[in-house]
Amino acid sequence: MSDAVSEKNTALMEKIVSLSKRRGFIFQSAEIYGGLNGCWDYGPLGAELKRNLKEYWWRKNVQEREDILGLDGSILTHQDVLKASGHVGGFSDPMCDCLLSKARLRADQIEPQSGTAYHYTGASHEESGWSVDRPYSVLLQEGQDPNKAKKTARLYYAQFLTDKQISPKKLELAGETTEAVENSTHYNPENGSLLTEPREFNLMFKTHMGASADDGDESSVAYLRPETAQSIFVQFKNVAETNRVKLPFGIAQIGKSFRNEINPRNYTFRSREFEQMEIEFFCRGEDGLALTEEWLERRLTFYEEIGIPREHLHVLDVPDGERAHYSKKTYDIEYAFPFGIQELEGVAYRTDYDLSKHKEHSGKPLEFFDDETKEKLIPHVVEPSAGCDRTVLALICEAYDEETVTNEKGKQEVRTVMRFSPRMAPIKVGVFPLLKNKPELVEKAREIQAMLSPFMNVFYDETAAIGRRYRRQDEVGTPFCVTVDFDTLGESGDEAKDTVTLRHRDSMEQERIAIADLRNFLLDRIA
RNA sequence: GCGGGUAUAGCUUAGUGGUAAAGCCCUAGCCUUCCAAGCUAGUUAUGUGGGUUCGAUUCCCACUACCCGCUCCA
């Protein structure tokens with residue numbers, strides 16, 4: 001991305017963040033206490049938007065399908081579940097940081113080095129009287145100039161100088177000793193600098209169950225789930241046995257997951273608490289790859305249905321070596337956010353890895369008896385796993401639009417419109433009396449509000465000029481507004497009686513519609 | 001985790017070592033017969049904690065949060 005484009009996108013993102021706050025989509029968590037890093041709250045409109053997304057996903061994937069069943073698993077997770085899945089232990093790679101370059105290296109990928117280690121205890125600068133006491137070492141390969149060790153060490157100690165005008169070359173090193181070293185992974189192969197001790201980066205939130213449990217009691221350890229998938233695998237047998245299913249079939253879940261991200265970024269995109277919408281679609285091994293393709297297509301269609309067009313999505317065929325080790329095929333569905341192209345959903349063929357692992361660790365039979373082939377097997381699984389909060393953010397970014405319109409005085413002004421698809425829009429219709437000081441108009445508008453509100457989210461507004469009310473609704477993405485005027489009351493004859501103005505958000509066009517037809521007109525467009 | 005930047009009202013911005021300003025928004029009233037009209041009145045702010053100072057929103061330090069670039073993302 002060029003600097004100019006990147007600046008423009010940062011500005012766009014700032015506008016989106018600002019509107020989200022101003023209109024009550026997204027607030028910072030615990031804002032009055034200074035905020036909580038990586039946590040966000042949805043305000044009234046954000047909550048509606050997110051509900052609309054989740055409900056549509058659930059309807060399409062669970063309620064309208066005979067072959068997918070719902071589940072709502074607990075968030076607190078038995079430690080053995082996550083040991084079996086590999087989340088405890090295996091995947092928490094210890095990392096080392098280079099003390100000089102600050103590069104972070106995976107401890108298990110550092111090539112062992114041999115040579116001579118030069119140890120120092122500190123450094124000082126005679127003229128200014130500055131000094132630092134801190135052990136540091138440099139490893140030199142055989143044949144390297146010993147002065148290189150001094151040079152590297154001076155650069156290291158120079159980081160602590162308060163007066164940055166002092167040249168590292170002027171530093172006196174203290175307490176030099178040397179030592180022969182064989183196959184050590186404590187040094188950065190790039191520059192010979194000492195590394196920090198390997199540190200675990202386990203991104204799971206750990207807790208202890210029971211009021212009397214203390215931190216030392218390993219048996220009381222539980223975790224907040226890092227993904228919703230595991231409870232589906234763990235309950236696979238119960239669901240299969242209580243529901244007369246046959247392959248292929250799926251189990252779907254929407255719910256919160258937690259990852260203690262080192263570095264939450266990009267607004268709500270990477271947060272520590274997030275919601276997932278996942279399906280584990282169980283199948284015979286030979287169908288896995290074909291079903292992965294099928295699910296990819298189905299998921300892309302879903303995004304189109306909620307207002308994210310195909311051309312704004314990227315499909316990444318995750319190459320060998322970058323996929324999880326158990327996955328034979330993974331597609332990432334990515335969206336072009338203002339801050340970059342980022343993943344919304346992964347569609348992964350996970351083979352029979354998960355169920356096999358749980359069978360192994362629990363010692364319980366997790367085979368499925370296939371009535372058609374009279375065969376017992378561990379089903380394979382295709383997993384479309386979507387980030388709910390990420391998709392909400394994508395909906396907001398996709399909807400945001402500014403257009404220049406000419407007002408009645410002939411002046412150009414900017415109209416901010418959230419072009420949500422009517423299906424996702426937090427408010428479906430605004431209902432206004434043309435004037436608030438005419439009780440007959442107010443009464444009629446209130447009637448319409450009462451008539452529609454059992455079926456959809458209706459917003460009634462009588463303050464300010466009618467144009468302002470329209471613009472307010474534009475900014476929160478309300479697709480339709482209806483206005484009760486004097487024609488509605490029959491002032492210009494029976495033909496217009498009991499009709500209202502229906503105003504369209506995107507075109508700003510208006511049409512006349514009978515109150516009796518309103519409900520079905522709107523329901524047809526928001527379903 | 002590293003480096004850089006930022007923090008004044010709901011939003012956008014101004015300003016000052018000595019009473020913190022404006023526009024928009026919002027609320028109430030009047031007015032108003034379809035696209036941010038007008039008039040009147042009103043609410044709301046220096047992120048948190050220290051330090052320097054007679055006095056700090058302003059200077060210094062720390063913390064927190066957000067943004068940008070790395071790193072990381074099982």
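Chain naming here is simple, since letters A, B, ... match the order of the sequence lines and numbering starts at 1 in each. Everything numeric here is computed off the predicted structure, so don't read it as measured data.
Of the candidate nucleotides B/C34, B/A36, B/A74, B/A36 has the atom nearest to the side chain of A/R468. You'll find that the side chain of A/R471 is closest to B/C35, out of B/C35, B/C34, B/A74. Checking B/C66, B/A37, B/U32 against the side-chain heavy atoms of A/N437 singles out B/U32 as nearest. Closest approach to the A/S18 side chain among B/U32, B/U12, B/A74 is made by B/U12 (side chain taken as heavy atoms from C-beta onward). Closest to the side chain of A/R472, out of B/C35, B/C26, B/A65, is B/C26. With B/C66, B/C2, B/C11 as the candidates, the nucleotide lying closest to the side chain of A/R265 is B/C2. Closest contact between the side chain of A/R512 and the listed nucleotides B/C35, B/C34, B/C70 involves B/C34.
Looking at A/N263, its side chain has no donor and acceptor atom pair within 3.5 Å of the base of B/C72.
Pair check for B/A65 finds B/U6; Watson-Crick or G-U wobble, both atom distances under 3.5 Å. Nucleotide B/U57 forms no Watson-Crick or G-U wobble pair with any nucleotide shown, as no partner meets the under 3.5 Å limit on both distances.
If you take atom C1' in B/G55 and the same atom in B/A62, they sit 23 Å apart, rounded to whole Å. Between B/G69 and B/U27, the two P atoms lie 38 Å apart (nearest whole Å). Distance noted for atom P between B/A45 and B/U32: 36 Å (whole Å).
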Stepwise, does the salt bridge (Lys or Arg N to Asp or Glu O under 4.0 Å) test hold for A/K359 with A/D352?
CA-CA 11 Å; A/K359 177 181 136 110; A/D352 60 355; over 6 Å; no

Output, in order, the C-alpha distance, side-chain angles, deciding distance and verdict of salt bridge (Lys or Arg N to Asp or Glu O under 4.0 Å) for A/R419 and A/D401.
CA-CA 7 Å; A/R419 299 190 192 274; A/D401 191 27; 2.8 Å; yes

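When heavy atoms are screened at a 4.0 angstrom cut-off, A/Q28 is found touching the sugar-phosphate backbone but no base atom. As judged by a 4.0 angstrom heavy-atom cut-off over every strand, A/G38 is placed among residues touching the sugar-phosphate backbone only. Heavy atoms of A/Y267 sit under 4.0 angstrom from primed sugar atoms or phosphate atoms, though from no base atom. Residue contacts shown for A/K21 are limited to sugar-phosphate atoms, with no base heavy atom under 4.0 Å away. If you check every strand for non-hydrogen atoms under 4.0 Å, A/N37 touches sugar and phosphate atoms only.
Put simply, the side chain of A/R390 never gets that close to the backbone of A/F274: no donor and acceptor are under 3.5 Å apart.
Here the CE atom belonging to A/M418 is positioned 11.5 Å from the CG atom belonging to A/D474, to the nearest 0.5 angstrom.
Taking for each of A/L434 and A/P226 the nucleotide of RNA chain B with the nearest heavy atom, the 5'-most of the two is the partner of A/L434.
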